[in-house]
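So the structure is just underneath, and the comments pick up after that.
Bear in mind that the values here come from a model prediction, so they are computed numbers and not experimental data. As a basis for the values below, the full set of heavy atoms in this structure was taken, side chains included, without hydrogen atoms, waters or symmetry mates.
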Amino acid sequence: MRLLVSADIHLGSPIRSAAMRNPELGDRLKQASRDAFIRIVDLAISEDVDALVLAGDIFDNDQPDLKTRAFLISQLAEAADADIPTLLIRGNHDALLDHRAHGDLGPNIHLLHKDAPSVEIAGVWFHGLSFDTAHVLRSFLPDYPGPVPGQKNVGLIHTSLDGAPGHDPYAPCSEQDLMAHGYDLWCLGHIHAPFERSSGPVLAVMPGIPQPRHFGERTGGTVAIVELGDGTPEIERHQVGRLRFKNCSLDLTDCSDVQETLRTLRAKLEVMRDPEHDTAVRLLVTTGHHTADMLAALTNEVLENIDRVFVDKIKVTAPKQQLDSKTDDLVRLMREELSEPGFQHAGKQVLEDLRGVLPRAISDELSEDVLDDLLEEAINEVTLSLHAGAAE
Amino acid sequence: MRLNRLDLIRYGRFDGAQIMLPEPATGQPDVTVIYGPNESGKSTAFNGLLELLFGMKAGAHPYAYKFERNDLLVGAELNIPGRGATVLRRNGKRTQSLLDYQGRPVEDAILSSALHGLRLDDYVERFSLNDKGLREGGERIAGAKGDLGQLLHAGVSGLTNMATTLEAMTARSDLFHKKGGRNTALKSGKERLKEIGDVLKTARLTPERERNLRTDRDAARKVFEEADAELSRARKRQAAGAAAQTWYDRSEEIRKIDETLAGFPKGPDLKKGTVGHVATFVTTISEKAESIAEADGRVARSEKVIAENEADPVAAELAAEITKLEQTRVEEASLISRADTARSDLEKRTGERDEIARQIKQIQATLQVPDVPVTSLVLTSEELETFGNAAQACQTTERELKAALDVVKTAREQLGDAPAKPQDLSQLQVAFDAWQAVADVSGPEQALERENARLVKVVSGLPASWQKLVENGLPARETLDDVLREWNTLTSNLDAATEDFEARDTSYKVARAKREADEGEPTSIDAAATEETRRLRDAAWHSHRGTLSAETADFFEEAMRADDGAHTNYLMGTEARKQIANSRTLEATARAARDAAKDKLDRLTESRDDLSKRIASITTALGQSPDVGPEAFAGRRSALSTAAEIAADVAVAEDALEKHSRHRKAALEGLSAAAQLVDIKGDEGNLPARVGKALALQDSVRDVWEKWRRGEQTITEHEKAVSQAEDEKKVAFARLETLTAALPLPDCSAAGIKTALPHLRTLQQLHREHENLARRVDALERAVATLARSVLRLAELLEEPFAPKDDPLPIIDRARLRVSNAENADRLRKREEDLLVEENQSRIRAIGARDETQDKLEKLFEGQGGEDLPPTERAARLAERDELRQEHDNSDKRRTEARNGVDRTLFDEELAHLPDATREAETQQELDDAQTARDAARDAAVEKERLYREAYNAADNSELVTEQATVFEELRGGARQAAVARLGVLAARGALRRLATERRSTMLKDVEEAFVTMTSNEWEKVVVWTENQGEKLVGIKPGGDPVPVENMSTGTMGQLYFALRLAGYRSFARDPGPLPMILDDILETFDDARASAALNLCAEIGRSGQAIIFTHHAHLVELARKSIPGVSIVKMPD
């Protein structure tokens, strides 16, 4: 049996990048999550899989928006028309999948939950449990049915496996317990980076988020097709994401004139180009000669002739030697100043003032925890502006 | 670090060039003026120094035009503290580009350490200054508005844009957010987010909203369906009424048609198109009769024309003769057209031919060859040119040979006899140069004295054992910083811990006292609630006591009172135990806190003791008194370190002096040995002078000898030219002889040939013209004969007389006319014969067609009545009958169709109403009413559907959601940048305050001195004012008038900037140490007084370190010579 496994589609979730200000990219990716899901269904049909498996977080939030739900149903109906049944569970974002509140999804679409945790398709048993509330801190694993003897058993679970860093610790369970449960295959959701684990003949696969949405999701963009036969299931990954996020480090320390800088920028950004994907690039530049504004202008000039590469942000750092407090009195004295309690207090006040006027959703950007990082950036900014300004 | 020599080995246009920067005499400032005109390579030299120190530029190299990039090589001799004089080189390779004097790679750390870790940009900013930088620096520091910290920073770093940088950062931050700002990015972003949020909230399609919209839509749809059904019924009724009316009207029509048909001829319906066919046939028969009559007339006319145009029997022969004449051509023209002039042309051409023959004979006579065939003298143009060139070559080579012989003769006469040959004194010259390079020992001696003086000055405040301390190893600077920081932290923490312990101890004592008090006197419980319960119980008891017997009541009451006492005791005991337990817990907690505080205090005290021991050992290591604190360590360490470095410099200077003396002695020995080889003797006092004199004399002898040798070489070159001219002359004469061998001229010399050439060219031309004329005369003669023969034959055919002398043209014209007439008659006759045949055929065809049409016409009327009518009228009458029959059938068909297309029941009902004038209006009104109701219901349903769809589509806000996320991202980034900018400005301002505090004592005095000197006492001093915003630098005029820096003129500001840079240089030279300062034509816009003052400041730089001044102004060189004692003047190398 061939299964297309996906999870964490987050329908309705937008791309979060300043690169989306580019009208070309913004227009192309305004429905990125939906487009990715259309490609998933198309792939399932073209690869002629036997079932489509979605391991939670199909939607992005718990605000019931029936348009998005209607989209999901129309796509899954298309798969069903091609004789591809769908099996899915609710993740911590999936209130819209609540069949009691919003009605059934349709024929040949199986939502697994505690009242109907198992279903059999072509001799293979699928088991799954759904989130009923967003915050579940206990493991679901003990509630999963035991394997049906003599049959292939596939589990769908939305879990922060072993407390994956960077993800809310929902429904955690240990990898060891999971692999020992007796199923042949586990289809995982919740952790957006793709990976797989195997233990003997058992395979657990995290397909990854099909369309990464921000720079925290620099991996993913994939789904998995799993061949369930004798022995350990075999897996192949397929790209479905349109946009990828890439960091691009660039040392322009030795580029003092604009032409040389343009050449170096062009060479580096050309490497970033991928004809199959749009690429949002965060440029991490080391230079003592150019300010971020100047580099932004140069980068835009270069990108006019490079297709499908867009700039998200440019971060400029002065060369390490330039920040050496032994040779630069100003750097040395700024560092001394930073260690003063009075200065620390003033710095916190600056952050508090700004936090007070920022929208609540982003005020944590300037929490006191990041003060030290910001102060390092501040020294860098002063040094860079001073030296770059002197060179102009 | 000091630059002693710069080697431009392969760099730019330089190839093996050197710039020496000699060390100054003791007590003199270390200043070198490097002079060279524009384009002499000063910028190249400066760049070479920078690339030696910091590595060569990556990528294409601007100075790699004479040598390849990889072959570029610069070098220098540098005095590096701790290493002494060191020769280093730098090539263009990417790695291991720094080499020692033998070309072996060495670590860049040698230089980076000597440069105190400075980068290229830092070095250029701090240790170079040009006129533009001085001018702009002055303008830029105005932005500091006198801020002391910013000004001192500009002096130290060379960076003058601090004020604009901080303003720009503040502005950037304010662009994102500023209190009360109207157009900030944050404000715009928040407004946009609110707009988006409102739209998203409104547009969200919740299940409830969807359900309401769907219910409304379905209800409207149902109403519409009912109205639509009603409309359909009304339409059917109206259709049935219309059909009944049609049935009624058509039936009436049919009855009238039947009555009319009774008066028409009988017979079947005509076939389709019969009327048209009859008309066509009648027309055809008439037309054919007319055609037959016209054909008869045309046949008679043609027969008459044929009889009038018979054939001419001689016309063919006449035409053949005329054709022959016309085809005969003379000189590109027809013979006939020239018939009247042919004879006179013949006579003229014959005369011309004979005249040219006469001219040819005359030329032959001139050339003295009257009897040779003229063709032997006719040459082609190429041959004539070749002969001319050959003759000219003979004459030219003869002249050149003569001139070359004259030159040799003159040179021999001028050269004279050979002088005496010079002696080889190269070995002596080498030895003499080596001696001169090391003869002067004053430089190293003065350097040693200078270093010793520095050492004495530095060690004045140090203990006698300072060298021992240094040898034992000084604690690292970082260690001292760590110890000081640790001491300060520890002291502060210890104070805090002591305070904490005391507070904890007090708390513990309070808790212990409370516990003891609680144990000694258990607290009574709060019995109010119990008392109230009992009061209520007693009230109830008293009101019900009467229901019991007195005995029972007393017994029960007693037991109840006893229970009350026991219960009260129990409660009190429980409460007291709880309070004691609580007091014990509090006491234990306070004790634990006190013990923890004590432990912390003990640990800190222990740490302090440990640190005190470390401080004591450092105090010993630095040779300081035990009562000084760690604050004094850095200063002492710096002093010891400086002393150690200077001591190392003294050792280097001693070593240099000793090495120099050794080299000097070896050079003198070498000079003495070389002098003895040429019999020159002497001691150190007189030998160098004697050798110098001998070398100068020898130079004079060598010049005379070299001049004579070059003359001799020149004559040899001239003789070679004579030989070459002779060879060329022989070749030219031989060629002429070969060319003229077959020419039958009496004089074939070069001159003879040149004389004969014009005649030969004329002869060539006349001969060509004679040949042409001969050919034309011959052709004319043949044409005249042909004409005479042909005209005679024409006259015979025309039967007319003609003699050879007669004009032939009238005969030719008459023959032509005769031929033309005959041809016209032939054409006319032939055409009429063809017409006659055609007309006969046409007549026969017309008769056949007429008869055939008549038969067809009769067949069309078979079986029909109306025989008495002409065919056309008969056909029209029958067609009218057929139309009436068709109308009858159509009406019947339409009434049947109308009835069949509607509901039969409704049709019958409506037919029963007819005839009725108002029935149609009634059904129409019913229909209109139904239509109006249906349209209203449809519009309502469409609107409800639209609202439902609109809500659905409006929920698709992916574009707005994307924008919302993007705005958040932008605000996130903007907030971070704004915070960084504000923190940066905060940190920079604090750092500048610190800089002002740190450097004011060392730099302000230098600034003041330099400024006063620079302005030629136009200013008395500079002072610092303390204001709310910080400390400001203020200039004071001689009268005491203060002028804030921002109010100074641009020129004064430039002078202040120079003073700041000087102070900054001195500060750096003190710690961490001096580096060469490059001053590139900074004085070119100064007048002499200010330039002299500026040079004095350069001398000040030279007293702290090394000043190198590049200039292309000769007068500044002289000014420097006067202003700076002991200044070295060096010319740019070629």
Note to self: Run T962(B) and L29(A) through side-chain contact (heavy atoms from CB on, under 4.5 Å) and show every step you take.
What the structure shows: CA-CA 8 Å; T962(B) 301; L29(A) 294 177; over 6 Å; no
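- To the nearest 0.5 Å, atoms CG (L330(A)) and CD (Q150(B)) are separated by 10.0 Å.
- For the residue pair P319(A) and R119(B), the shortest heavy atom distance occurs at CG-NH1, 4.5 Å.
- Of the listed residues P1072(B), G189(B), A981(B), A979(B), the one with more heavy-atom pairs under 4.5 angstrom with chain A than any other is A979(B).
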Next item on the list: Please test H177(B) against D353(A) for side-chain contact (heavy atoms from CB on, under 4.5 Å), starting from the C-alpha separation and ending with a verdict.
Entry: CA-CA 10 Å; H177(B) 169 67; D353(A) 290 348; over 6 Å; no
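- Atom CG of L358(A) sits about 10.5 Å away from atom CZ of F968(B), to the nearest 0.5 Å.
- No donor-acceptor distance shorter than 3.5 angstrom exists from the side chain of K30(A) to the backbone of V961(B), with no hydrogens or angles considered.
- Summarising the geometry, atom CG belonging to L983(B) is positioned 10.5 Å from atom CD1 belonging to I379(A); distances are rounded to the nearest 0.5 Å.
- When all heavy atoms of A965(B) and P14(A) are compared, the closest pair comes out as CB-CG, 3.5 Å.
- Nearest heavy atom pair, residue A975(B) against residue L354(A), reads O-CD1, 4.1 Å.
- The number of heavy atoms from other shown groups lying within 6.0 Å of CZ (R214(B)) is above 12.
- Under the side-chain contact (heavy atoms from CB on, under 4.5 Å) criterion, D251(A) pairs with T253(A), T286(A), sequence neighbours left out.
- Counting heavy atoms from C-beta outward, L186(B) and P359(A) have side chains that approach closer than 4.5 Å.
- For residues 970-988 of chain B, the pairs satisfying salt bridge (Lys or Arg N to Asp or Glu O under 4.0 Å) are R21(A)-E970(B), E365(A)-R972(B), E365(A)-R976(B), E377(A)-R976(B), E969(B)-R972(B), with sequence neighbours left out.
- In terms of heavy atoms, A987(B) sits closest to M334(A) at O-CG, 3.6 Å.
- Top candidate by heavy-atom pairs under 4.5 Å with chain B, chosen from E381(A), R213(A), R355(A), K313(A), is E381(A).
- T966(B) and S17(A) get closest at one heavy-atom pair: CG2-O, 3.7 Å.
- Only the side chain of E998(B) comes within contact range of chain A, with heavy atoms under 4.5 Å apart.
- Contact annotation for L193(B): only side-chain heavy atoms (C-beta onward) come within less than 4.5 Å of a heavy atom of chain A.
- Of the atoms belonging to V350(A), it is side-chain heavy atoms, and not backbone ones, that fall under 4.5 Å from chain B.
- Both the backbone and the side chain of L986(B) come within contact range of chain A, with heavy atoms under 4.5 Å apart.
- Using a 4.5 Å cut-off on side-chain heavy atoms (C-beta onward), Q31(A) and E959(B) make no contact.
- Test N161(B), L159(B), T165(B) against H387(A) for side-chain contact (heavy atoms from CB on, under 4.5 Å) and you get one pass: L159(B).
- Under 4.0 Å is where a charged nitrogen must lie from a carboxylate oxygen, and between D329(A) and R999(B) at least one such pair does.
- With a 4.5 Å cut-off on non-hydrogen atoms, I15(A) touches chain B through its backbone but not through its side chain.
- Annotation: K190(B), atom NZ; neighbour count of heavy atoms from other residues, nucleotides and ligands within 6.0 Å is above 12.
- If you measure heavy-atom distances from M162(B) to chain A, the contacts under 4.5 Å come from both the backbone and the side chain.
- Residue R172(B) touches chain A through its side chain alone, counting heavy-atom pairs closer than 4.5 Å.
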